[in-house]
Amino acid sequence: MEPVPALAPGAGSLAVVRTYARRASLLLWLGMSVVGALNFNLLEERFFRHGGALTAVLPHLRFGHVMFDRVPSNITVPSVTFADGVHHGLSSVLVTDSIGYEDARGYLGFALDPDWERRICGRIESRPDVTLWLRQIAITDAPRVKSARAIRCDRGAAP
Amino acid sequence: VRQLWAYFEAECNPYPLAVFRIVFYGGLALHFGPSILHFGTNYGSAVEHGTAWHALEYLRWLPGNDARVALGLSAVAGMSLGILGLWPRLAAALAGVGAYGLACVGSDNTQTLALSYVWFILWTWTVTGGGDEVLSIAGWKRLPGASRGTRLTRNLIALHLTIGFFFAGIEKLSAGWLTRGVMGTLLKYPDFTILRPWAVGLTDPWAAALGRVLDVATLLVELGVPIALFLPKCRSWALLGMAGFFVAIVSIMLVPPLFGFLFCGAALLLADDHALVAVATRCRNVAFSRRASRRAASAECARPDIAV
């Protein structure tokens with residue numbers, strides 16, 4: 001067991017103040033992550049919301065925000081086809097890899113960001129041979145396609 | 001109360017934090033590297049504000065091209081200094097300002113919830129420093145064993161990540177993971193979504209049953225491991241459980257490996273010398289017994305009566 005540090009006997013008042021200030025900020029820092037975590041699950045964003053200014057600069061206030069707490073059973077699945085008509089993941093037409101979650105990043109964008117279609121189109125615009133497909137799929141025992149939409153990003157949405 | 005402060009203020013073995021430093025900055029470089037290599041596409045002047053991190057929007061400041069390049073250079077410099085173990089406070093500050101700024105500019109390729117933990121670690125490390133005592137250029141010429149690390153950075157990071165991990169379990173519990181069959185639904189997802197291509201449709205006949213098992217297992221790990229890490233007798237098992245959990249997630253689902261780097265690294269931070277020795281001994285024993293059985297098998301094959 002390491003020696004337990006304590007305030008040195010005869011330490012100056014400045015050293016004492018510094019020690020207590022350090023310990024208080026430590027408790028504050030720890031307390032914030034617990035409050036943040038509670039706010040996003042048990043308290044359901046009562047104190048602050050995800051994406052607000054506070055959580056943008058104090059990231060540990062977001063700790064209770066979880067990705068897969070709820071999994072939707074109606075989803076939009078993006079894919080792309082080239083001239084041969086075979087479906088590929090979105091990552092096949094994006095310049096940059098998101099290492100380890102290439103297609104998932106594109107899929108989650110459609111699930112979370114209402115503006116994602118325009119943003120992703122902007123990034124594959126330079127490929128006129130590409131058609132972007134958005135298929136609404138119901139996840140049941142036998143998943144089925146409810147609807148499908150083809151988009152040529154250089155021309156706008158097609159029926 | 002003195003014991004409580006000792007948890008953050010006493011000296012400790014410097015190796016876990018040094019290993020975490022390399023793993024953490026390495027993981028960060030792997031995560032941001034591809035987008036920095038294609039800088040113009042991801043952060044060039046034509047790129048809109050990212051939607052995930054809004055700090056620059058609140059400041060009503062859209063950095064010009066030169067400022068974006070400066071952010072990129074800052075991120076690269078910070079990550080490099082962090083891996084090499086030079087000036088840990090400066091490394092964290094540069095990596096924090098650079099990577100956070102880049103995420104504000106454009107995060108279409110890099111956004112993940114793991115970034116909340118990354119920013120927290122970098123903010124904290126900028127203030128607390130440390131982690132460069134060993135396995136670093138700074139510690140190169142020091143005598144072995146002469147350096148002792150402070151527990152402040154190490155335990156602050158570990159405790160926060162453990163809190164995050166534990167409350168992720170609480171959130172799942174309150175969202176009905178025990179009754180809704182969440183993983184069962186996820187295992188039925190089609191291609192190009194969350195599952196790795198090899199796992200799509202693989203479990204179809206028994207996805208619901210397997211999903212139930214995975215729901216319970218996930219809750220057990222997320223709620224149990226953070227507690228077990230603080231119990232000396234369970235610590236080495238908790239470390240193995242945490243590592244196994246992330247290997248399983250990354251191999252089934254398309255999630256950024258950054259999560260694994262962070263949480264397995266954080267579990268390592270909580271390990272004391274005894275736990276590290278216990279895990280190393282267990283691994284060595286397994287390797288030794290396998291090697292011994294291989295040798296026995298090859299000796300058996302080489303016996304002339306069997307060859308005849």
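Just so it is clear: chains get the letters A, B, ... in the order the sequence lines come, proteins before strands, and each one is counted from 1.
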### Query
Contact part of A:I75 toward chain B, heavy-atom cut-off under 4.5 Å: side chain, backbone, both or neither?
side chain
### A:D113 side, atom CG; B:S107 side, atom OG - distance, nearest 0.5 Å
9.0 Å
#### Entry: Which portion of B:L30 sits near chain A, non-hydrogen atoms under 4.5 angstrom
both
## Note on the structure
Applying a strict 4.5 Å limit to non-hydrogen atoms, the region of B:W119 in contact with chain A is both
### Summary
Greatest number of non-hydrogen atom pairs under 4.5 angstrom with chain A, of B:K172, B:H38, B:H160, falls to B:H160
### Task
Measure A:T76 against the heavy atoms of chain B and call it side chain, backbone, both or neither at under 4.5 Å.
neither
### Residue among B:P197, B:G176, B:P257 with most heavy-atom pairs under 4.5 Å to chain A
B:P257
### Message
At a 4.5 Å cut-off on heavy atoms, which part of B:L156 comes close to chain A: side chain, backbone, both, or neither?
### Response
side chain
### Message
I'd like to know if the side chain of A:R105 reaches the main chain of B:D108, judged simply by a donor and an acceptor atom lying under 3.5 Å from each other, with no hydrogens or angles considered.
### Response
yes
### Query
Is A:P59 close to B:Y117 at the side-chain level, that is, under 4.5 Å between some pair of heavy atoms?
no
### Query
So how far is it from A:L27 CG to B:F8 CZ, rounded to the nearest 0.5 Å?
8.0 Å
### Task
Take A:D103 and B:L254 through the side-chain contact (heavy atoms from CB on, under 4.5 Å) test and state the conclusion after the steps.
CA-CA 8 Å; A:D103 287 335; B:L254 290 164; 4.2 Å; yes
### Query
Stepwise, does the side-chain contact (heavy atoms from CB on, under 4.5 Å) test hold for B:F120 with A:W29?
CA-CA 10 Å; B:F120 162 77; A:W29 206 231; 3.1 Å; yes
### Query
Crowded around A:R18 CZ? As in, over 12 foreign heavy atoms under 6.0 Å?
no
#### Entry: Structural part of B:F32 lying under 4.5 Å from a heavy atom of chain A
neither
### Task
Dump the intermediate steps for side-chain contact (heavy atoms from CB on, under 4.5 Å) on A:L38 and B:I170, then the final yes or no.
CA-CA 9 Å; A:L38 286 171; B:I170 295 281; over 6 Å; no
### Query
Among A:L94, A:L90, A:I99, who wins on heavy-atom pairs under 4.5 Å with chain B?
A:I99
### Message
Need one label for B:F165: side chain, backbone, both or neither, based on atoms under 4.5 Å from any heavy atom in chain A.
### Response
neither
#### Entry: Sub-4.5 Å side-chain heavy-atom contact between A:S73 and B:Y189
no
#### Entry: B:N109 backbone acceptor or donor facing A:S98 side chain under 3.5 Å
yes
### Task
With a 4.5 Å cut-off on heavy-atom pairs, point out which of B:T128, B:I163, B:T193, B:V127 contacts chain A the most.
B:T193
### Summary
When the 4.5 angstrom heavy-atom criterion is applied to B:L37 and chain A, the contacting part is neither
### Partner chain B: residue of A:G36, A:G106, A:A104, A:G109 with the largest heavy-atom pair count (under 4.5 Å)
A:A104
### Task
Using side-chain contact (heavy atoms from CB on, under 4.5 Å) as the criterion, list what pairs up with A:R135, not counting sequence neighbours.
A:V77, A:S79, A:H87, A:I137, A:V145, A:A148, B:F192
### Query
Side chain, backbone, both or neither: which part of A:F40 has an atom under 4.5 Å from a heavy atom of chain B?
backbone
### Proximity breakdown for A:L108 and chain B, heavy-atom pairs closer than 4.5 Å
side chain
### Query
Does the side chain of A:I139 come within less than 4.5 Å of B:P190's, by heavy atoms?
yes
### Message
Restricting to ring-ring contact (aromatic ring centres under 6.0 Å, His included), what partner residues turn up for B:F39, sequence neighbours left out?
### Response
B:Y43
### Message
Salt bridge check, B:R196 against A:E102: does any charged N sit closer than 4.0 Å to a carboxylate O?
### Response
no
### Task
Heavy-atom pairs under 4.5 Å with chain A are the metric here; pick the option from B:D191, B:T124, B:V250 that has the most.
B:T124
### Query
Pick from B:F166, B:F167, B:W123: which one has the most heavy-atom pairs with chain A under 4.5 Å?
B:F167
